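Notes for the one structure printed next.
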There are 2 protein chains.
Amino acid sequence: MNYSSLPFNRISKSSPSLKVCLESVEKSNNLKLTNSHRVFHAKQSLFSAGEQFEGLYILRSGSAKSFITSLDGEEHITKFFYPGDLLGVDGFDRHVYMENVLFLETSSVCLVKESDLNSLVKNNDDFRNCLLRSMSQSLINDSAMMMCLSAYSSEQKVACFILELSKRFSSHGLCGREFSFSMTRTDIANNMGMALETVSRVFASFQQKELICVHNRQVSILDIDALRCIASTDRFTARENTNLHFNNRNNIRQDNCCVK
Amino acid sequence: MNYSSLPFNRISKSSPSLKVCLESVEKSNNLKLTNSHRVFHAKQSLFSAGEQFEGLYILRSGSAKSFITSLDGEEHITKFFYPGDLLGVDGFDRHVYMENVLFLETSSVCLVKESDLNSLVKNNDDFRNCLLRSMSQSLINDSAMMMCLSAYSSEQKVACFILELSKRFSSHGLCGREFSFSMTRTDIANNMGMALETVSRVFASFQQKELICVHNRQVSILDIDALRCIASTDRFTARENTNLHFNNRNNIRQDNCCVK
DNA sequence: CGGCTCTTTGACCTAGTTCAAAGCGCGTGG
DNA sequence: CCACGCGCTTTGAACTAGGTCAAAGAGCCG
């Protein structure tokens with residue numbers, strides 16, 4: 001997939017992409033980012049909590065997850081990253097990265113070194129706005145995520161997760177109706193604050209209701225409106241049509257499924 | 001309480017306060033913030049989601065809460081604010097505030113208008129760094145909060161909540177061992193993703209174990225190490241000494257309590 | 001004093017976790 | 001090319017932490 005063919009103007013207006021911003025900066029200014037591109041493979045680490053802050057990374061392709069570790073060693077996945085996303089913003093505060101980042105698949109990143117960063121933020125209006133807007137957006141997303149974690153039922157959580165992924169993919173010009181995710185069920189469960197068994201059961205339940213179709217990590221959305229409805233329905237209404245443990249008796253599977 | 005007497009140097013190094021930063025900027029530059037101070041009372045609104053972005057607010061005294069509303073009208077409190085905190089950063093993205101802010105008690109804020117903001121970020125290194133660090137810090141806090149919401153038991157959540165408040169108060173030069181909070185049990189429950197009854201029960205349980213002492217909204221911490229231990233203990237260990245519903249039979253109350 | 005909101009406490013109940021075991025897909029090495 | 005092993009996923013059955021419902025107390029203010 002060639003990203004340069006995407007309608008970036010529209011995207012950069014609705015949700016700023018530093019990647020795009022940088023590309024324009026790179027062309028018009030004397031900034032050289034050519035040596036700062038690197039490729040990583042699945043399970044490789046970009047940086048770990050405690051490491052010296054070296055600058056921001058922009059994910060160019062692939063995907064990654066960030067996680068923090070509690071005092072007792074438990075890990076929590078805070079976010080999944082897709083092309084255009086910014087990595088390492090948590091390092092501004094103490095000049096030390098506060099999160100760990102692992103790649104989920106073969107990916108490439110571009111480093112904006114701290115030195116370049118300072119002058120960019122200072123002198124380049126576009127870049128500065130992009131950065132502030134991107135951080136602002138992250139804070140808003142965090143709020144939504146917190147609400148999701150604290151108040152949503154399992155079905156709502158999974159519906160939100162799928163819809164969010166769909167949104168991500170389509171905003172990058174990919175198909176938002178049919179895609180495959182790069183994280184495991186365990187990752188999803190950890191990120192959404194539920195047990196992996198529950199994730200599995202909700203997927204099965206959604207499939208049984210013909211809202212989605214899942215094979216391994218390939219998903220296709222069959223009824224996006226129903227998903228949106230579940231995601232935005234309060235718990236009392238949602239409860240009526242929910243019985244995770246017992247509604248998957250008459251297995252509906254590969255048969256009526258659109259992906260093969 | 002006169003904030004100007006606080007040891008701000010130390011604070012601004014460990015965790016940047018835009019308030020302090022602004023004060024120095026105000027003195028050394030030609031910036032006028034004198035007309036931008038306003039006082040609000042409990043339950044008054046600073047701004048609501050959807051309103052035009054006018055700039056950032058710095059809380060000078062008092063306290064506030066921010067909340068977002070889900071599609072079905074449910075509210076979720078995303079954060080509580082104390083003096084020195086920054087309000088309105090969520091407006092950078094779309095030039096519209098994305099959250100609602102209500103004051104919990106009589107408070108005063110200082111508005112940094114958008115016009116001033118731009119030149120400050122552009123030209124004032126201290127301010128720019130303060131802002132970036134503050135936003136970075138918020139993102140880190142959000143991560144911690146998400147982990148808390150998604151993986152912690154009720155006791156862990158409440159322990160974290162109390163410890164966080166304690167940290168906040170002592171970082172502002174107030175007593176971190178004995179303070180009163182300005183939010184209701186319902187607010188705490190909403191923010192921490194639990195039922196208000198559970199909050200009440202955990203408080204009772206902590207009091208019964210002589211970790212804290214609560215009267216209405218006045219708390220004093222009796223055993224901060226034990227609280228820290230609870231907050232950082234994994235669920236398996238924590239479970240052994242937990243039985244919220246039945247361990248408050250022999251009521252221990254005002255008798256052995258340090259606040260009267 | 002009456003009415004209000006907030007908080008506590010009790011009793012019950014269920015959504016989702018935990019534990020256990022089997023199934024599946026995929027890469028590796030023989 | 002098959003067999004084995006390993007990591008991931010699914011499914012079942014039992015259990016429990018915490019939510020929900022209900023009712024009573026407590027503080028506060030006009």
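The shown structure was predicted, so the numbers you read here are calculated from the model rather than taken from an experiment.
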Kindly point out which of C:dC6, C:dT8, D:dT9 is positioned nearest to the side chain of B:Leu196?
C:dT8
Which nucleotide, C:dG16, D:dT20, D:dT9, lies nearest any side-chain atom of A:Ser200?
D:dT9
B:Tyr152 side-chain N/O to B:Val158 backbone N/O, donor-acceptor pair under 3.5 Å:
no
For A:Gln218 and C:dG25, give me the distance from atom CD to atom P, rounded to whole Å.
14 Å
Please assess B:Ser63 against B:Ser182 for the test side-chain hydrogen bond (donor to acceptor under 3.5 Å, both in side chains), listing each intermediate value before the final yes or no.
CA-CA 7 Å; B:Ser63 55; B:Ser182 44; 2.7 Å; yes
Between its two end axes (five pairs each) the helix from C:dC1-D:dG30 to C:dG30-D:dC1 turns, nearest 10 degrees, through 40°
Considering only C:dT7, D:dT9, C:dG25, which nucleotide approaches the side chain of A:Asn216 most closely?
C:dG25
Would you kindly give the CG-to-C1' distance between B:Asp187 and C:dT7, to the nearest whole Å?
13 Å
Quick one: is A:Arg185 getting a side-chain N or O under 4.0 Å of the D:dT9 phosphate, OP1 or OP2?
yes
Distance, rounded to the nearest Å, where A:Tyr152 contributes OH and C:dG16 contributes P
14 Å
To the side chain of B:Ala204, which of D:dG18, C:dT7, C:dT9 is closest?
C:dT9
Whole-Å gap separating C1' (C:dT9) and CD (B:Gln208):
14 Å
Report the distance from atom CE of B:Met194 to atom P of C:dA15, rounded to the nearest whole Å.
20 Å
Could you tell me whether the side chain of A:Asp90 and the main chain of B:Ile140 form a donor-acceptor pair under 3.5 Å?
no
Give a yes or no answer on whether the side chain of B:Ser143 reaches the backbone of B:Leu139 with a donor-acceptor pair at less than 3.5 Å.
yes
The side chain of A:Ser154 lies closest to which of these nucleotides: C:dG16, D:dT10, D:dG18?
C:dG16
What's the CD-C1' distance between A:Glu155 and C:dG16, to the nearest Å?
12 Å
Just the rounded figure in Å: distance from C1' of C:dG16 to NZ of A:Lys157.
9 Å
Of the listed D:dC21, D:dG19, C:dG16, the closest approach to the B:Glu197 side chain comes from D:dC21
Indicate yes or no: does A:Lys65 engage A:Glu75 in a salt bridge with an N to O separation below 4.0 Å.
no
Does D:dC8 have OP1 or OP2 under 4.0 Å away from a side-chain N or O of A:Arg217?
no
Does a salt bridge link A:Glu197 with A:Arg201, judged by any charged N lying under 4.0 Å from a carboxylate O?
no
Can you see if the side chain of A:Thr184 gets near the phosphate of D:dC8 - specifically, an N or O under 4.0 Å from OP1 or OP2?
no
Between P on C:dG27 and NZ on A:Lys43, what's the gap in Å once rounded to a whole number?
12 Å
Spell out, as yes or no, whether a donor-acceptor pair under 3.5 Å connects the side chain of B:Ser166 to the backbone of B:Gly176.
yes
Salt bridge or not between B:Arg168 and B:Asp85? Use side-chain N to carboxylate O under 4.0 Å.
yes
5' precedence on DNA chain C between B:Phe181 and A:Ala195 (nearest-nucleotide basis):
B:Phe181
Taking N and O atoms by type only, does the side chain of A:Arg201 place a donor or acceptor under 3.5 Å from a partner on the base of C:dT18?
yes
